Enquirer: 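Provided herewith is a single structure, encoded as structure tokens, for subsequent inquiry.
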Amino acid sequence: LAWTGMLREVFKKEGDPVEAGTLLAQLENPEISEQLRDKNLALEILNHDKIRLEQKKAFSTKELERKNVLIENGAAARAELEAIELDLALTTEELSIKGKQTESLQNEISFLKLRQDALQIKAPFHGVIIMDPTLSTGNYMKPGDVLFQIADPTSFYLELPVPERAVERLSIGDRARIRFHAFPAIPFTGMLARV
């Protein structure tokens, strides 16, 4: 396991064949879920602040244009224009800061989503589950805990005695099919490699 969490659900059991990438189990980590919820809420608030600041900047830009016209006609004081310019500069700076905060929050949310996705346990390769993981359901798992044991049946070989009178009917490369008592529903196939 890469992350800690409570084993919420197991989708495969002992004896099940699995393909690489098959979802085996789902862990649940309330801390990650809570952090993700908080970061999404903070991002939503930040986006509202950005919209408000963009509206304020648009208004200040129009106000600056109006004051410029009034100053050119001698109907307004230069101090009023400077106050609007300062307000516009501060709003632009605050918008820039909010943009950087948004980028930072989006990176944190992406990281938390990756951590949340890592709570899905997937089969690393094709094989058969040889350990019953359902007994661990509801337990808190931490990195290093063994949850599944998967065996790749293609890497197995089987040695078995053959009566002497049957040896002459065997040839290297003959196809073989066998069932084990432990996995009666799963036939395993192979090839005769050596006599």
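Because the structure is a prediction, the values reported are computed rather than measured.
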Enquirer: Under a 3.5 Å distance rule, please check whether Asp145 uses its side chain to pair with a backbone N or O of Met141 as donor and acceptor.
Expert: no
Enquirer: About how many Å separate NZ of Lys67 and CZ of Arg78, when rounded to the nearest 0.5 Å?
Expert: 13.0 Å
Enquirer: Checking side-chain contact (heavy atoms from CB on, under 4.5 Å) for the pair Leu53/Lys98: CA distance, chi angles, key distance, verdict?
Expert: CA-CA 9 Å; Leu53 288 169; Lys98 296 288 183 191; 3.7 Å; yes
Enquirer: Can you establish whether the number of heavy atoms outside Lys57 located under 6.0 Å from its atom NZ is more than 12?
Expert: no
Enquirer: So how far is it from Lys56 NZ to Thr92 OG1, rounded to the nearest 0.5 Å?
Expert: 10.0 Å
Enquirer: Indicate yes or no: at least one non-hydrogen side-chain atom of Met131 is less than 4.5 angstrom from one of Val146.
Expert: yes
Enquirer: How long is the gap from CZ on Arg115 to OG on Ser110, to the nearest 0.5 Å?
Expert: 14.0 Å
Enquirer: side-chain contact (heavy atoms from CB on, under 4.5 Å) for Leu64 and Glu85? Distances and angles first, verdict last.
Expert: CA-CA 7 Å; Leu64 185 63; Glu85 286 174 340; 3.4 Å; yes
Enquirer: Quick check: do Lys13 and Ile129 have side-chain heavy atoms less than 4.5 Å from each other?
Expert: no
Enquirer: With a 4.5 Å limit on heavy-atom distance, are the side chains of Asn29 and Thr4 in contact?
Expert: yes
Enquirer: Kindly indicate whether the side chain of Leu36, heavy atoms from C-beta on, has any atom under 4.5 Å from the side chain of Gln116.
Expert: yes
Enquirer: To the closest 0.5 Å, what do you measure between CG (Leu86) and CG (Leu81)?
Expert: 11.5 Å
Enquirer: Could you go step by step and tell me if Asp174 and Arg169 meet the salt bridge (Lys or Arg N to Asp or Glu O under 4.0 Å) rule?
Expert: CA-CA 10 Å; Asp174 284 352; Arg169 291 183 283 161; over 6 Å; no
Enquirer: Report yes if the side chains of Leu43 and Thr102 come closer than 4.5 Å at any heavy-atom pair, otherwise no.
Expert: yes
Enquirer: Could you state whether Leu95 and Leu46 fall into the same hydrophobic cluster, counting links through intermediate Ile, Leu, Val, Met, Phe, Trp or Tyr residues with side-chain heavy atoms under 4.5 angstrom apart?
Expert: no
Enquirer: Treat each ILVMFWY residue as a node, draw an edge where side-chain heavy atoms are under 4.5 Å apart, and state whether Val18 and Leu147 are in one component.
Expert: yes
Enquirer: Would you compute the distance between atom CD of Gln101 and atom CG of Asn47 and round it to the nearest 0.5 angstrom?
Expert: 11.5 Å
Enquirer: Quick one: are Leu27 and Arg8 in side-chain contact, heavy atoms under 4.5 Å?
Expert: no
Enquirer: Short question: side chain of Asp152, backbone of Gly127 - any donor-acceptor pair under 3.5 Å?
Expert: no
Enquirer: Is Leu24 reachable from Phe125 through a run of I, L, V, M, F, W or Y residues, each pair having side-chain heavy atoms under 4.5 Å apart?
Expert: yes
Enquirer: Should Ile97 and Leu88 be regarded as members of a common hydrophobic cluster, given that ILVMFWY residues are connected when their side-chain heavy atoms come within less than 4.5 Å of each other, either directly or indirectly?
Expert: no
Enquirer: Please check if the side chain of Asn107 supplies one atom and the backbone of Ser104 the other of a donor-acceptor pair under 3.5 Å.
Expert: no
Enquirer: Could you grab the distance from atom CD of Glu28 to atom CD of Glu9, nearest 0.5 Å is fine?
Expert: 10.5 Å
Enquirer: Using salt bridge (Lys or Arg N to Asp or Glu O under 4.0 Å), reason through Glu63 and Arg66 one step at a time and then give a plain yes or no.
Expert: CA-CA 5 Å; Glu63 187 67 18; Arg66 285 192 289 268; 2.8 Å; yes
Enquirer: Answer yes if Ile32 and Leu41 sit in the same cluster of Ile, Leu, Val, Met, Phe, Trp and Tyr residues linked by side chain heavy atoms under 4.5 Å apart, and no otherwise.
Expert: no
